[in-house]
Amino acid sequence: MARRIVRTIIQLILLSVTFVTVLFFLDIRYSLLPTQIHNLLPEHHAGQVITDITYESCPRISLLSCAAKEGWVRIEKDLFLGKAWLTRGYIQFKRTKEEELNGEKFIVDIRVKRSEPAASEGGGDARWESRPGGIWIKRSPKVIDDAVTGVDVLFGPDAAEVRPGWVLREGSLTVGESPRITVRKGAPPAGPKKPVLKFRSDHKFKIIQISDLHLSTGVGACRDPEPVETADGCEADPRTLEFVGRILDEEKPDFAVLSGDQVNGDTAPDAQTAILKFAELFVKRKIPYASILGNHDDEGNLGREDIMKLTASLPYSVSEVGPPIGERVLDRKGREGNEGGVGNYHVEVLASKGGHSALTIYFVDTHAYSPDENNYRGYDWIKPSQIDWFKTLVSTLKDKHNHNPYNYIHLDMAFIHIPLPEYRLAGRPIVGGYNNAPREPPTAPSFNSGFKDELVAAGVSVVSAGHDHANEYCLLDEGKESLWMCYAGGSGFGGYGGWNKYQRRVRLFEINAPLGRITTWKRVERGPEKDKKIDEQILVEGGGAAQPK
């Protein structure tokens, strides 16, 4: 009986491998798979060059005329971002394996201009050829190492490109919502190596928490800018990124945490454009960063898993998709995912010398909106399956840390987007906020799944959230082993402000290993306190929560 079961399993494995192999090679020749899958297969990039590119428009009410031309690949981004009443438009390109060119010309360079580029621009001595939408290409029959092997579309004058090997071309196409062409030349480079986080030689480590950037596709419009006289002509994303960039340059953090709602779903029909914009802040400064998701990130064209996969693939990112947790469920757009969400993971910060962990940082997906509005209105909560995952992880790490000697006290922190129900505790010490009180009522979930108790049991001394833009205080939990619960405060002008003239801000933490200390403060965008540390306080001393002075 056992032999029969083993034989059946082996036969099923061989059958599956055969099926996948046949499908793979058939797809290479006939493009059988959906475009989203077809474009991700490595064989469709490695060793292939792009031979032509064009713009195709079609009536919005038509389903058939928008299909990709035979032998062409369509980039699945409507250049009008769904805003045109009657028209949709797409970039399509044709690609071929190098060994199958048979004298066919392939693209060596692409430009986007209203008129023909100078002959000296671009590679080679071929003439520029015009394509619809203001696209100009140079083609050559002679294979060269930096032939164009990838094309993509981003949007807006503030678009950025940080993916290895990709270059964003200047200028927007003459159609659509300021679409721009980005190209990759040569063989696709290997994925970026994950940075290793370490304390500095002075045994300190500085973290900046940036929350609620609310970036758009394009520059976006400011909401509730402060002071109010700056509202006229205020472009949300450039002002947000300039503010955060200034603080990064002044504070020089060792690590950045983006705690949700990086993407403003309603105004970001192309989430990729928004993601690459915030990533550029850290890539060009060589600052490692990690992210979790908020309730707005996936309201555009990308689901939560796609967003985390993209973010995790970028240079200097230590973000992770995390393990599948809980049963499979559907989100509000009918997209399938796991009940426990995406982006549940941890990172270790190593001591300045040696390979032992000095600080563990946990990242937990707090999801979006309540799945049970009849009984628990408002926002979602951390699921029991996540709590089980967290407890198992903590146990595993403690065993690992105990076998890895460290001279100082090992510290633990956590970051979430939606605050825990305990953020509503009354009569507890508060530092910061508006007169040391909340500016707005905490919008924690109605249902309490008990995650705060697990944080305390795990030895986490500080947890920090986003979500409530105008709340930016730290609250000391009650109990024998206290937990500081902080807010970052909203940093983006694409999200709401208001609430007693709230200034956009970010939160910083500095960990001092020899003292077992965690200190925090905030920085604001402008005003009389622009160059000051605001509400500086010691949260943890000697490894335990410190009482406010």
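When a residue number appears, it is its place in the shown sequence, counting from 1. Bear in mind that the values here come from a model prediction, so they are computed numbers and not experimental data.
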With sequence neighbours excluded, tell me which residues meet salt bridge (Lys or Arg N to Asp or Glu O under 4.0 Å) with [X].
X	answer
D468	none
R328	E336
E299	none
K309	E305

Residues forming a side-chain contact (heavy atoms from CB on, under 4.5 Å) with S385, sequence neighbours excluded: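 Once residues adjacent in sequence are excluded, the partners of S385 under the side-chain contact (heavy atoms from CB on, under 4.5 Å) criterion are I325, E339, K383.
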
For E242, enumerate each residue passing the side-chain contact (heavy atoms from CB on, under 4.5 Å) test, keeping only those at least two apart in sequence or located in another chain.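 Result, side-chain contact (heavy atoms from CB on, under 4.5 Å) vs E242: none returned.
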
Keeping [X] on the side-chain end and [Y] on the backbone end, is there a donor-acceptor pair under 3.5 Å?
X	Y	result
T149	G186	yes
R504	R526	no
S446	R377	yes

Taking atom [atom1] of [X] and atom [atom2] of [Y], what is their separation to the nearest 0.5 Å?
X	Y	atom1	atom2	value
T217	N301	OG1	CG	7.5 Å
D365	I382	CG	CD1	8.5 Å
I110	K185	CD1	NZ	8.5 Å
Q262	S291	CD	OG	5.5 Å
I91	W72	CD1	CH2	10.0 Å
H367	I416	NE2	CD1	11.0 Å

Are [X] and [Y] ion-paired here, with the side-chain N under 4.0 Å from a carboxylate O?
X	Y	result
R131	D52	yes
K113	E121	yes
E129	R127	no
D152	R163	yes
D270	K77	yes
D109	R111	yes
E472	K522	yes

Polar side chain donor-acceptor pair, [X] to [Y], under 3.5 angstrom:
X	Y	result
N338	E327	no
Q503	K530	no
D266	H296	no

In chain order, what residues pass the ring pair (Phe, Tyr, Trp, His ring centres under 6.0 Å) check against [X], with sequence neighbours excluded?
X	result
Y369	Y379
F255	none
F451	F390
F278	none

According to salt bridge (charged side-chain N to carboxylate O under 4.0 Å, His left out), does anything in residues 207-217 pair up with another residue at least two apart or in another chain? List the pairs.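 Non-adjacent pairs meeting salt bridge (charged side-chain N to carboxylate O under 4.0 Å, His left out): zero.
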
Please report the C-alpha distance between T230 and R239 in whole Å, then the side-chain angles of each, then the deciding distance to 0.1 Å, and finally whether the side chain to side chain donor-acceptor pair (under 3.5 Å) criterion is met. CA-CA 11 Å; T230 64; R239 183 166 170 178; 3.0 Å; yes

Please list, chain by chain and in numerical order, all residues satisfying side chain to side chain donor-acceptor pair (under 3.5 Å) with D261, sequence neighbours excluded.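 By the side chain to side chain donor-acceptor pair (under 3.5 Å) rule, D261 matches H417.
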
Pair F363 + Y345: ring centers closer than 6.0 Å: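 For F363 and Y345, the ring centres are under 6.0 Å apart.
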
Hey, would you say the Y487 and Y423 ring centroids sit under 6.0 Å apart?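 Between Y487 and Y423, the centre distance is under 6.0 Å.
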
Criterion side chain to side chain contact (heavy atoms under 4.5 Å, CB included) on I361 and F415, from CA distance to verdict: CA-CA 8 Å; I361 307 175; F415 290 93; 3.6 Å; yes

The test is side chain to side chain contact (heavy atoms under 4.5 Å, CB included); show your working for I418 and T443 and say whether it passes. CA-CA 8 Å; I418 297 173; T443 55; 5.7 Å; no

Identify the two heavy atoms, one from L213 and one from S491, that lie closest to each other, and give their separation to 0.1 Å.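 Closest pair (atom of L213, atom of S491, distance): CD2-OG, 3.5 Å.
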
Tell me whether the NZ or CZ atom of R439 lies within the 45° cone about the ring axis of Y434 and under 6.0 Å from its centre.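 No, R439 and Y434 do not form such a contact.
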
